[in-house]
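Both ligands and their constituent atoms are indexed starting at 1 by order of listing. Since this is a predicted model, take the numbers as computed values, not measurements.
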Amino acid sequence: MLLGVLCILVVPQVFSEAPPAPPQDIQVDNWLLRWSPDPDHGNVTYTAQYSSFDSCVWTDVPYCVHTSLNSCNVSSIKARSEYGCVMLRVQAERHGQKSPSVQACSTHGHLCTPDFILTASPGSLTVHLSRNTTFLREHADHAKYRVYYGKKGEALQGYKDGPASVTIDELQEGQRYCTRVQYLYFTHTEGLPTCTQCALIPESDSRRTVTIVSLVLVGVLLLVFPVIAYFLLFQRWRLKRWLQPLYTFREHLLVPLPEPLLPIPSSTEEHYDVITSMFPVELRE
Ligand SMILES: *[C@@H]1O[C@H](CO)[C@@H](O)[C@H](O)[C@H]1NC(C)=O
Ligand SMILES: *[C@@H]1O[C@H](CO)[C@@H](O)[C@H](O)[C@H]1NC(C)=O
């Protein structure tokens, strides 16, 4: 009883003070940061923060604090990013309750964000990356790319590093896979990652043929089986009539053969074939 009363009192309290949903789809394009607002709730404000090269400290982006809009011009940090790459993140807030921060991605390549083209072939995905970018030239041998990948809808947990284009093998055909790329400096990721791109892994020709043939077979079976079952169950008499031979015996053939024509069993070694069936042959009168 007491527990019930407590629940009734406490649950709505907790519910009304729940932090807002984190912002979604945070993208930067030419120093303009955008995100999708929470469609179900008003009274939510957003704060953008940046973290400079080599520092783990997050600082509020000037003019992008507690804004109720769903975009912010972050060009004021452009000067700060000239000496290194910056990271950006956005946090939602309502009545003092803060959502987790979500990192932004970049829709276009930039000094600190790679540019890539994705191509898919049966069983693999290739991320085409240039060896000749400002970031790689400046950091020489210490910089490379990190390509994150995973099935669409799942976290991109797998990754592969490389100085240029990267191919990911042994992927399931017919599945959609997504990738995101970020620069790597020594062992740290640097700058904004690219926004996620996805591609469908096509099926190889032989596999496609097998799939089509099995689909056709299943289709034919599904179509033919009910027809056969219908005739066996409900139209048996019709089947019998169709299966009857069309030939009708002529009258004189039905008359029993005269006695002397019948072979008389004897004790000789000769063998006789026993007539078990007769095939109709056209007889000319
Ligand atoms: C962002 O602000 C800068 C300087 O205030 C301005 O030059 C630039 O055009 C703005 N960008 C956008 C997309 O509004
Ligand atoms: C690398 O890119 C720069 C500028 O984009 C260009 O001037 C240079 O010729 C390129 N180098 C090679 C080896 O392609």
key: Exercise check, heavy-atom protein proximity under 4.0 Å to atom 14 (O) of ligand 2   = yes
message = Protein non-hydrogen atoms only, distance under 4.0 Å: does atom 11 (N) of ligand 1 have such a neighbour?
response = yes
message = Please list, in number order, the atoms of ligand 2 under 4.0 Å from a heavy atom of R137.
response = 1 (C), 2 (O), 3 (C)
ask   = Does some side-chain heavy atom of L156 sit less than 4.5 Å from a side-chain heavy atom of C178?
value = yes
ask   = Under 6.0 Å between ring centres, would you say that holds for Y159 and Y149?
value = no
request  = Would you tell me which option among T133, L136, T134, N132 has the nearest heavy-atom contact to atom 1 (C) of ligand 2?
outcome  = N132
key: Donor + acceptor pair across side chains of Q49, R89 (<3.5 Å)   = yes
request  = Classify the side-chain pair T113/T194 by whether it contains a donor and acceptor separated by less than 3.5 Å.
outcome  = no
query = Near S75, which atoms of ligand 1 are under 4.0 Å from a heavy atom of that residue?
reply = 1 (C), 2 (O), 3 (C), 4 (C)
key: hydrophobic_cluster_shared for M87 and Y50, side chain cutoff 4.5 Å   = no
query = Tell me, which protein residue and heavy-atom name are nearest atom 6 (C) of ligand 1, and how many Å apart are they?
reply = N73 ND2, 4.1 Å
